[in-house]
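What follows is a set of notes on a single structure, which appears directly below.
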Amino acid sequence: MIHFTKMHGLGNDFVVIDAISQQIALTPDHIRFMSDRHFGIGFDQLLLVEKPVSANADFKYRIFNADGSEVAQCGNGARCFARFVHDKKLTAKQDITVDTDAGQLVLRLDEQGLVTVNMGIPRHAPAQIPLRATEESRFYSVEVNDNEKAFGAVSMGNPHAVLQVNDVRTAPVAELGAALENHAFFPERANIGFMQIIDRQHIKLRVYERGAAETMACGSGACAAVVIGIEQNLLDHDVSVELPGGALKIHWSGRGHPVLMTGPAVSVFEGKIEL
Ligand SMILES: N[C@H](CCC[C@H](N)C(=O)O)C(=O)O
C-alpha cells in the first residue's frame with residue numbers, strides 16, 4: 001500500500017509520495033497506470049521525496065512524467081514539494097535545499113502560503129539543452145509539418161523551446177506541440193512553449209509538456225519563456241506569466257544569475273493505492 005498526496009500548482013497536478021518513510025519501487029508501467037485519469041489516480045507528474053544526496057541538502061527531489069519518463073526539473077512540482085515536506089513536518093526550515101538530477105534548488109515558503117523557488121541558472125549552450133545545433137543562437141528554426149518554425153531554446157534543467165504567437169488562444173498547441181516535442185532537433189525531446197507578449201512585464205503562455213502533453217501550467221516553462229524573452233530583448237527582468245491555470249511571478253537578472261519563480265501550491269486530497 002502506497003500513501004500519497006494529490007497536489008497542484010496552478011492546475012499542473014501531481015501525486016507526491018514520501019519515499020523516505022515508505023519503501024517505493026515504481027516501474028514506468030506503475031507510473032503510467034497511476035497517471036491514467038480513468039483507470040488510475042491521474043496526474044501530470046509524480047514527485048518522490050527522498051533522502052538527500054549532498055551534505056548541504058535537505059531532500060532529494062525526483063520527477064516522473066505521466067508517460068513514465070524520469071526528468072530533472074519541475075517548477076510547479078518544486079512548490080508543491082515545499083508545501084508537502086512542510087505540511088508533513090518532514091522539515092521546519094523556511095528555506096529548503098533539494099538535490100535534483102540537474103543540480104540543487106532552494107525552496108522558500110512564505111507567510112502568504114506562496115512558494116519562491118530558486119530554479120538555478122539557465123543553460124544556453126546547445127549541448128546543455130540539448131539541441132542538435134553547433135552554434136548558440138537567440139533564434140533556432142526547424143522544418144515541421146512542411147513549415148519553418150523559429151523559436152528560442154534554453155534548459156532550466158530540462159529542455160524548453162519557446163515560440164512567439166500573436167494569440168495563445170488560437171495557437172496550434174496540440175498539433176505543433178506534439179510535432180516539435182518529438183522533433184529530431186531535440187535529442188531528449190523538449191517542452192514546447194507558446195508565448196504571447198502583452199507588454200515588457202506581462203506574457204501569456206501555454207505549454208505542451210514533454211511526456212505529459214498540454215498542462216494547465218508549467219513552472220520551468222514560465223521560467224524558460226521569460227529567459228528567452230529577455231534574451232530576445234522583448235521583456236524586462238520581472239515578468240508576470242499568465243498560464244491557463246493562473247499566474248506566476250518570474251525574475252531573472254540575466255546571464256549567470258538564477259531564475260526566481262513565485263506562485264501557489266495546493267494540497268487537494270490524501271490517498272492510498274495498492275500496486
Ligand atoms: N514535462 C517536463 C517536466 C515537468 C515540468 C513542469 N510540470 C513544470 O512545472 O516545470 C519535462 O519533461 O521536462
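Each ligand, and each atom within it, is numbered from 1 in the order the structure gives. No experiment lies behind these values; they were computed from the predicted model shown. Keep in mind that the numbers below use all heavy atoms, side chains included, and drop hydrogens, waters and symmetry copies.
- Separation of the Tyr61 and Phe81 ring centroids falls under the 6.0 Å cut-off.
- The protein heavy atom nearest to atom 9 (O) of ligand 1 is Gly219 N, 2.8 Å.
- A salt bridge links Asp58 with Lys93: at least one charged nitrogen is closer than 4.0 Å to a carboxylate oxygen.
- Atom 7 (N) of ligand 1 has as its closest protein heavy atom Asn12 OD1, 2.8 Å.
- Atoms of ligand 1 lying under 4.0 Å from at least one heavy atom of Ser220, given by number and element, are 5 (C), 8 (C), 9 (O), 10 (O).
- At a cut-off of 3.5 Å, with distance as the only test, a side-chain donor of Asp67 or Ser69 sits close to an acceptor on the other residue.
- Distances below 4.0 Å separate heavy atoms of Asn191 from the following atoms of ligand 1: 1 (N), 2 (C), 11 (C), 12 (O), 13 (O).
- Heavy atoms of Val71 found under 4.0 angstrom from ligand 1 belong exclusively to the side chain.
- Here Phe151 and Phe186 bring their ring centres to under 6.0 angstrom of each other.
- Those atoms of ligand 1 that come under 4.0 Å of a heavy atom in Asn158, given as number and element, are 2 (C), 11 (C), 13 (O).
- The atoms of ligand 1 that sit less than 4.0 Å from any heavy atom of Gln73 are 3 (C), 4 (C), 5 (C).
- Counting only heavy atoms from C-beta outward, the side chains of Leu48 and Asp18 never approach each other to under 4.5 Å.
- The shortest contact between atom 5 (C) of ligand 1 and any protein heavy atom is with Glu209 OE1, 3.4 Å.
- Within the 3.5 Å criterion, the main-chain N or O of His257 finds a donor-acceptor partner in the side chain of Trp252.
- For ligand 1 and Asn65, the ligand atoms under 4.0 Å from any heavy atom of the residue are 1 (N), 2 (C), 3 (C), 11 (C), 12 (O).
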